[in-house]
Amino acid sequence: MNPKTIIEPFKIKSVEPIRFTTREEREILLKNAGYNPFKLHADDVLIDLLTDSGTAAMSAKQWAGIMEGDESYAGSRSFYKFEKAVNNITNMKYIIPTHQGRAAEKILFSIVGGPGKYFPNNTHFDTTRANIEFTGSIAEDLLTEAGMNTQKRADFKGNMDIKKLELFIKEKGAENIPLCFLTVTNNSGGGQPVSIQNIREVKELCSKNNIPLFLDACRFAENAYFIKKREQGYQDKSALEIVQEMFSYADGATMSAKKDALVNIGGFLALNDEELAMKCRNLLIVTEGFPTYGGLSGRDLEAVAQGLEEVVDEHYLEYRIKSVEYLGNKLVEAGVPIIEPPGGHAIYIDAKRFLPNIPVEQYPGQSIVCELYLEGGIRAVEIGSVMFGKYDKKGKLIPSIMELVRMAIPRRVYTQSHIDYLIEIVLEVFKNRDRLRGYEITYEAPMLRHFTAEFKPIN
Ligand SMILES: Cc1ncc(COP(=O)(O)O)c(C=O)c1O
């Protein structure tokens, strides 16, 4: 027999209680948080789907690694373990630890960025875009049309549009494009995967123009599992083999280990170019620390090394991808508009279709995020005009292309009954959608405003 039920591939050894609150309590808590769930105390959240970043449950072996950590300032044994584990997946020559993904981005773009430079990507994540723009460079998203269509079901909606990339290189000049990026999976575009074929085609075009290709590799293992399931010729390859092939087309990578390395903190830069690696290491010493710890403790490096091994386990990956798909399919069956097909780490509600009566200037995504908390203590995040909106010279909002609400699923943290509860809450909010209100911003920071913005409901 081939059982249909996919079970969590672990037993639970240690548990953390979650706190139940009433709707009345949550109304006060949310108001005090300026209607921005980023500002809530985590203890006041029942199911926290704000992010899948740094929220994973570590394994017994990772916790054992924490005890094994060598805290020597230079040449720590844990660094060499970490280096070997990163090398095993990337096969890159220079491995530079950083305290998280954006630290790797900051170092890289401080060196290769600057005014007059352009960086294409399928879709830049917000910190990547911010680190590029901070240097005066331009960050450009070149996603395929299919990737931008939230209703279209396609296998690889994270793919870069090769024609757009070709045109972009012609227009901007290859000499002004220090690197091309591919984000796997494409977080801001719905957690959608990128195919090997697309990686290969992007690489060919980049090579022709002497542009190095980098992976934003946060969710490399989830991407590989989609390739195994969906791309012809990959069914019999192991997830690790697919991962290694993905990286074989890249000249470098930035990684937030807080995702697919199954840890709570960590990241790295992986490079093949010696001169660039030397420059990055020199800057690392100024901003992060000595090159064999780079902003991490020895125990963190141990946990990353172990996590990178565990994440390519196919029982884990099957459970991971299938549990997100389970949530997505239940919502679709009930008519809730989400990005289809479900992505790897999160379900993205299409707020424009969920709340067609609330104009983008009143942030429909924020309205859903607030209601999910009020209805069931669930914390999700707006990925739309709050996160990516800009203003024109007259102060009018230039909205984001998509208005989404992301419910990111932490790795190995919640069980199926948590997910069933979540489904019940989303359906209740959907049923009562006509009662939802728009929001206006009452405070915002000049960059990455979604983290600290404050709102007020529009009556
Ligand atoms: C695709 C992508 N790139 C970069 C980052 C930044 O990583 P970190 O949060 O570790 O700085 C993230 C984090 O969510 C991400 O999803």
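One-based numbering, in listed order, for ligands and for the atoms of each.
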Heavy atom of G267, distance to ligand 1 below 4.0 Å:
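Checking ligand 1 against G267, which is what was asked, there is no heavy-atom contact under 4.0 Å.
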Is [X] salt-bridged to [Y], cutoff N-O under 4.0 Å?
| X | Y | result |
| --- | --- | --- |
| D48 | R379 | yes |
| K39 | E454 | yes |
| K61 | E309 | no |

Check each atom of ligand 1 against the heavy atoms of [X] and keep those under 4.0 Å away; list them by number with element.
| X | result |
| --- | --- |
| T127 | 4 (C), 5 (C), 6 (C) |
| T183 | 1 (C) |
| S256 | 7 (O), 8 (P), 10 (O) |

I want to confirm something. Looking only at heavy atoms, which of Q100, E105, R102 is nearest to atom 4 (C) of ligand 1?
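Residue with the shortest heavy-atom distance to the ligand atom: E105.
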Any N or O on [X] sitting closer than 3.5 Å to an N or O of ligand 1?
| X | answer |
| --- | --- |
| G101 | yes |
| R219 | yes |
| D216 | yes |

Inspect the surroundings of CZ in R299 and state if more than 12 heavy atoms from other residues, nucleotides or ligands are less than 6.0 Å away.
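Count not over threshold, so no.
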Give a yes-or-no answer on whether the side chains of [X] and [Y] include a donor-acceptor pair shorter than 3.5 Å.
| X | Y | value |
| --- | --- | --- |
| Y35 | Y439 | no |
| S59 | E310 | yes |
| T144 | N159 | no |
| E288 | Y293 | no |

Return the residue, atom name and 0.1 Å-rounded distance of the protein heavy atom closest to atom 5 (C) of ligand 1.
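So the nearest neighbour among protein heavy atoms is F125 CD2, 3.4 Å.
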Nearest to atom 13 (C) of ligand 1, what protein heavy atom do you find, and at what distance?
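Answer, as residue, atom name and distance: K259 NZ, 2.4 Å.
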Heavy atoms only, cut-off 4.0 Å: how does K258 contact ligand 1, side chain, backbone, both, or neither?
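Only the side chain of K258 comes within reach of ligand 1.
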